[in-house]
Structure formats: C-alpha cells, structure tokens
K.L.:
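Before we start, here is the structure in question, set down as structure tokens.
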2 protein chains.
Amino acid sequence: MAVTIKDVAIAANVATSTVSRVLANSSKISPETARRVRKAIDDLNYHPNHHARSLANNSTKTIGLIMPSSAHVSFQNPFFPEVIRGISTEAHKKNYGLYLSTGQTDEEVYEEVKQMVVEKRVDGIILLFSLQNDQLIPFLMEEDFPFVLLGRPAVDHPEQVWYVNNDNVRTGRLVTEYLTLLKHERIGLILNRSDAIVTHDRMQGYREALERSNLPINDDYIVHYADHENGGKDAFIEIMSVPDPPTALIAEDLVVFDVLRTVQDLGIRVPEELSIVGFNNYMISELASPPMTSIDINIFELGVQSMALLFDRLENPNQDAKQRIVPHELIRRSSCSRLK
Amino acid sequence: MAVTIKDVAIAANVATSTVSRVLANSSKISPETARRVRKAIDDLNYHPNHHARSLANNSTKTIGLIMPSSAHVSFQNPFFPEVIRGISTEAHKKNYGLYLSTGQTDEEVYEEVKQMVVEKRVDGIILLFSLQNDQLIPFLMEEDFPFVLLGRPAVDHPEQVWYVNNDNVRTGRLVTEYLTLLKHERIGLILNRSDAIVTHDRMQGYREALERSNLPINDDYIVHYADHENGGKDAFIEIMSVPDPPTALIAEDLVVFDVLRTVQDLGIRVPEELSIVGFNNYMISELASPPMTSIDINIFELGVQSMALLFDRLENPNQDAKQRIVPHELIRRSSCSRLK
DNA sequence: CAAATTTATGAAAACGGTTGCATTTATTTA
DNA sequence: TAAATAAATGCAACCGTTTTCATAAATTTG
C-alpha cells in the first residue's frame, strides 16, 4: 500500500507525532530532527492522506460550487464557465480545490448541498445563482454553514447573508435610458426564467427608467422566454408581432444572438430598423454581427470576489456578513442607433 | 457537534457496526432492527461523514478532472464546459462528485495530479486534453492509477491506455476533401498550439487529403496561432498575405469567429470570396454570420463516454485497456461555396 | 549545585466510519 | 431432545492523521 506517516516515522526513527509536527512546521522541533524527518519524507516520497487529514482537523480545503438544477443545460451558458474561471483563479492562490455539484433537479441539488454540508465534504459553498423562494439559503443559514451567494438574496434579512452581486436594477435602468436617449419609445424586454432574482431586478430598472421618462409601460413589450432551444427566437417573434412592435430590444446576450439570426431571416436590418442591447457581454458577444452593444457585468470578477469573500468568512467566521457590488459598464458597439 | 454513527447506535440501542450494516444494506440484518435503525437515522437526521468513510474503505466517490494548465484561459473555450457537462451527466447517475483542477502552469498541474493520486483524494482521473511529451500519462501509468484520457495518447503503447477520442485524422481529411470537391485548390489551415495531439492529427488528415488529390502542400498555408487574444485574427492576416492567398480556410470554430469578424473589416465576402469550415461545432457556431459549416465532434458525448469508460475501469480494474472513438459529422451551413 | 524552567519528543486518545471474527440466539436436523 | 447449523448482532481492530498530555533531557535560575 501507499506510504503512511508511520513509515516515515520508522524511517526517521521518531514518533508519528513528530513527523506530523514537522509537516506543520511546528516550532518545537529541533533542526536536526526536522532535517532527518524531511529526508525520510523525500526518500519515501510521502504525501499525507487527504481524508485522514480532513477527518482529524475537520477541514477539507475544498469549496463546493452549486450550479442551478439545470446545470445540465446551464453549462451551455458562458456565464458559468466564466464565473468558475474567476473562482478557480482565486481558490488556486490558497490551494483550495473545487467540488462541483451535478444535480439535475431542484430536489437533487438540495440533497447534494445537504450532503456537502452535513458530511463535511467541503469547507464552504458558493451558490452560483439566486432564485425566488430558494430553499437553499434558509437551510444554509439555519446550519450556520459558511457560504456566499452570487446574486441578491430574496430573504427577510439580506444584510445577514454574504453575497456578491451587480446592481441589476441600475443596469436595467441604464440600458433603458440609453435607448430612450436614442429617442426610442417602444422598447421591448426579453427575459429569462422569471423566478431568477436578476430577472426581477433588471425589469425593475427597466420600469423605473420608463417612468422617469414618462413613457408608458406596455406589458406586451415584456416577454419571458423558456430556457430551452429556440426560446429566444420564439420570444422575439412574439414580441415583434404586437400591433406597434418595439423599435428597440433589451435581452441577455445569448438571446441577442438568437435574435440577430432571426432578424436576418426576416430581413430586418440591425441597427437601422431595430436597436438591440444585451446583458452580460460574453467573450463571444463582440464576435456577433453586428458586434453587439452590451452591459459588461464583469463575470470573472464576480467569481473572484465571491471566492475572496468566502475566504474572508472562513478565516473569521464570527464577523458580520459582508457584501460586494461589482461594477458594470455599457460597452457600445454596433447594434444600436438613434431612432429617425 | 454533528451527529455521528455512535449517536444513532445509542438511539437505536445497537452497536455501530449494526448501523453501518444497515447503511450498507447488508443482508444479515433482521427487518425489525433495520427498521429501528432507520428510524433513528431519520429522527437524528444522520448523514455519514464523507472523510471517515473514504478513509475506512479507501474510496472517495469523486473523480478528478484535469484541465490544461491554461485552465485560466481554457475555460473561455466552450469545449471544456461542454465536455464537463457530459461527464457531469454521467457521473451524476452513479452519485459521483467532480473535483476540478485549478493549476495555472504545467508544473502546478503536475503537482495537483500527484496530490490527487497519492493523497487518494479521488478514485479516478479524466485528463481533458492530450499533449505531445506529456508527463502526466507516464506518471499515472507508473502509479497504475485509474484514468481516462480525452484524446489520443502519444506514448509507446497507446493500446495500454484507456482513452476516448475522435478520429481526428479523418476529420482533417474530411473537411479538406469537402473543400477540394468544391474545387478549391489553395486551402489554408489555421491551427492552435502545436503540441496538442489533436492539432497534429488534423494536420495529418489535411496533408493526406491534399496528396490524394494531387494538390501541392504549401507550408505558407499552414499557420499556428497563439492562444492569446487576437491570435486568430493575426493568423488570418498572416495566411492571407502570401502571394497566392487561399480561397478556402480550415480552423477551429472560435478562430472562425475571429476570422469572420476580420473578414468584414476587410470587405471580403464569405462564402462568395472565401470559404471557411470549422472544427468542433460549438453551440454558438450556428449563430455566426454567416452560420458556419463545421465538423461536429460530439463534445458532450466525448464527456459521457470518458466518464463511462472510467467507471468501467473502476469496476473491473484488471481488464485490458479500452478505447472509444466518438463519431463526427460535417454540418453544412453557409460559410462554404463552390469556387468559380 | 540543586531546583525550577524550558525544550524536544513520545504515547495514546481522538476523528467517524468499516469489517473480520466471536458470540449469542433461533432454527433445523437426526 | 440434544447436537448441528444458520442468522443476527456485538466487540474490537483498523484506516492515516492531529493533538493533548506526560516525560525525559537540556538549560536557566537562585
């Protein structure tokens, strides 16, 4: 079998406790002994067993990443790899590993989280999404388990939960205002699943902007699309089929891709006849044709910050919850124009 | 502290071994006792500690996923999320977890793998890439550690390694032949980092196809691009600047996106003046303009198969190595036309 | 120089499970 | 009905660490 701490102890002619102390760089070890032990470790090519370690000091050096139940489908959304890239970069600095959830229904995800927590499989958790009526947050708070939410918590005392978010109301307002400045008055909004908090917030911003400009809010101009194939296309057709169709559209970048393709089929020119602005600014958004105007929400940074916040919490568990708002930026490219 | 097997044992008035057996569904337990134990488990909301378990039966129920050292950058490539999606789907069926590597240099990745193996942190490993002169494969074979390679192994006895791959030589040949059938004779090839096996194989196929058609192989038509930003664009400019520039181009889809954008700047029309075919057929490839013709390599299935193969190996460690070739398919869209 | 400290190390008890073997009890066999 | 067998359960060792506490050796103090 593999070489254990006992083998090293024997080889170095010391007790296992001494080896353990050398490993931990304890000060109470004579240089001479330390040298001998280290030599034995090298000679035998010893590596401490991770599970034994975790068991003994009740810490795993790994972080659980919880994806939406639709992970199956949501990995198709560039948001997740990008945010994980940020998390990974930060986790790597402190030598933490990443453990991925794989559940495919809400129920399964809940069970998985429960396992991670109660089996002590991870030291902390990052929730990569936030939904209305989420069960996970109350559960984790109840258990007092260290976690960070990516998004805004829809709970009674949001100030008690650690989270990283964009100011989504403001992004919603910003894109809408940008379009009204371009003289658009009929502005359509295509949104994804309606129980996502981010969706709610963006819509809120959209409404605020319209009200400030004294423009009417037409419910026909707000469409939710299903997360399945062609959802974006269907939503687009729906929204453009109302009596006075919008002259401008707001949607998530992936939907914008769908729209841009459909628009070509229909012979509608962008931006001459229809202005479009997207949310999220994925790496590929720049490669659309025309290159799309989009709100950059700094996905990578969202990942970095949530990992950093979780480390902060782990290092000092009893402090008050902290929050971080990651800045956004409107990236103007070629999918919008002033209404004639 | 958390509730342990001991608490359950006391509550059910049995020994811990009995609880353990109930957990394992051992046959030698009376229905009456099993019922009582299960009730106690429920009442106390007991979940076995994962590390204690791993330690005792030397199995972790988790699979290590090794990304290229450039994981930092490579998560920007849709290939990885998609292959992980496949792996995750399959792993989930058997209740296995996924552990992600985060190393950012070859050296770090190597250390990480070493840790996973020798600390027994995972039961098996999937290598998500294969390089020339890779150190990982010899190491894992030496250790006789269960792993599956995604790609073709460049080692002395490939039949001894478990792997899942496409027939990349054939895909290279196929796209080239497709273009020659469209009467193209000057066909450019843009490749990514040259130490990737897949790159080598595709080029091989390209060469074979040209030879069969009695077309000359012009080294000016073969360009490698760096993995950094704008790499694709630079490579495109380079390849189009030779005396008789290609009338058709072959590249990975992400590069094609770059090319399509550059092409617009330069006023070159696709497919009228330049035909392009891509490798990989990412979900977004269809959304390019024009929608790109691409070789679908079934990335999701690559993930599924590699996980399945690894399970096969774990369940029966002493059998001969197995391999799987995942089929490909040329998806014709609108980026190619017959040369006039 | 003996007593009091300090320093370095070891023995053993956790951590929370699994499992081989022994033991008790219930059932079958002759 | 006693002996043999099978079924159900418990005891205790083990997985590979960390860590508390005790102890021996070295050093300082009065």
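Letters go in sequence order (proteins before strands), and every chain restarts at 1.
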K.L.:
When you check the side-chain N and O atoms of A/Q104 and A/E108, is any donor under 3.5 Å from an acceptor?
P.N.:
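Judged by distance alone, the side chains do not pair up.
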
K.L.:
For the residue pair A/Q319 / A/D312, report whether a side-chain donor-acceptor contact shorter than 3.5 Å exists.
P.N.:
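Their side chains do contain a donor-acceptor pair, which is all the 3.5 Å distance test asks for.
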
K.L.:
Just how large is the angle between the end axes of the helix from C/dC1-D/dG30 to C/dA30-D/dT1, five pairs per end, to 10 degrees?
P.N.:
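Inter-axis angle at the ends, rounded: 50°.
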
K.L.:
Starting at CZ of B/R53 and ending at P of D/dG16, how long is that distance when rounded to a whole Å?
P.N.:
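Atom-to-atom, B/R53 to D/dG16, this comes out as 18 Å.
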
K.L.:
Could I get a table of every N or O pair under 3.5 Å where one atom is in the protein and the other is in nucleotides 9-14 of chain D?
P.N.:
{"from": "D/dT9", "atom 1": "OP1", "to": "B/S30", "atom 2": "OG", "distance (Å)": "3.2"}
{"from": "D/dT9", "atom 1": "OP1", "to": "B/T33", "atom 2": "OG1", "distance (Å)": "2.1"}
{"from": "D/dT9", "atom 1": "OP2", "to": "B/S30", "atom 2": "N", "distance (Å)": "2.8"}
{"from": "D/dT9", "atom 1": "OP2", "to": "B/S30", "atom 2": "OG", "distance (Å)": "3.3"}
{"from": "D/dT9", "atom 1": "OP2", "to": "B/T33", "atom 2": "OG1", "distance (Å)": "3.1"}
{"from": "D/dG10", "atom 1": "OP2", "to": "B/A15", "atom 2": "N", "distance (Å)": "2.8"}
{"from": "D/dG10", "atom 1": "OP2", "to": "B/T18", "atom 2": "OG1", "distance (Å)": "2.6"}
{"from": "D/dG10", "atom 1": "N7", "to": "B/R21", "atom 2": "NH2", "distance (Å)": "3.0"}
{"from": "D/dG10", "atom 1": "O6", "to": "B/R21", "atom 2": "NH2", "distance (Å)": "2.9"}
{"from": "D/dC11", "atom 1": "N4", "to": "B/S17", "atom 2": "OG", "distance (Å)": "3.1"}

K.L.:
With under 30° as parallel and over 60° as perpendicular, where do the rings of B/Y96 and B/F311 fit, or are they tilted in between?
P.N.:
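Plane angle over 60°, so perpendicular.
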
K.L.:
For nucleotides 25-28 of chain D, tabulate all protein N/O to nucleotide N/O atom pairs closer than 3.5 Å, reporting atom names and distance.
P.N.:
none

K.L.:
NZ/B/K114 to CZ/B/F145 distance, rounded to the nearest 0.5 angstrom?
P.N.:
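Going from NZ on B/K114 over to CZ on B/F145, the span is 14.5 Å.
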
K.L.:
Need one value for A/H50: base, sugar-phosphate or nothing, where a base atom within 4.0 Å counts as base even if backbone is also close, heavy atoms only.
P.N.:
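If one applies the 4.0 Å heavy-atom cut-off, A/H50 turns out to touch nothing in the nucleic acid.
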
K.L.:
Using whole Å, what does the distance between atom P of nucleotide D/dT17 and atom CG of A/L55 come to?
P.N.:
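The answer, rounded to whole Å, is 12 Å.
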
K.L.:
Rounded to the nearest 0.5 Å, what's the gap from CD1 on A/I126 to CD1 on A/I87? Could you check?
P.N.:
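Rounded to the nearest 0.5 Å, the CD1-CD1 separation comes out at 4.0 Å.
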
K.L.:
Within the 4.0 Å heavy-atom criterion, would you say A/T4 contacts the bases, only the backbone, or no part of the nucleic acid?
P.N.:
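Sugar-phosphate, no base atom in range.
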
K.L.:
Within the side chain of A/S59, is there an N or O that forms a donor-acceptor pair under 3.5 Å with the backbone of A/S54?
P.N.:
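It does not hold such a pair.
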
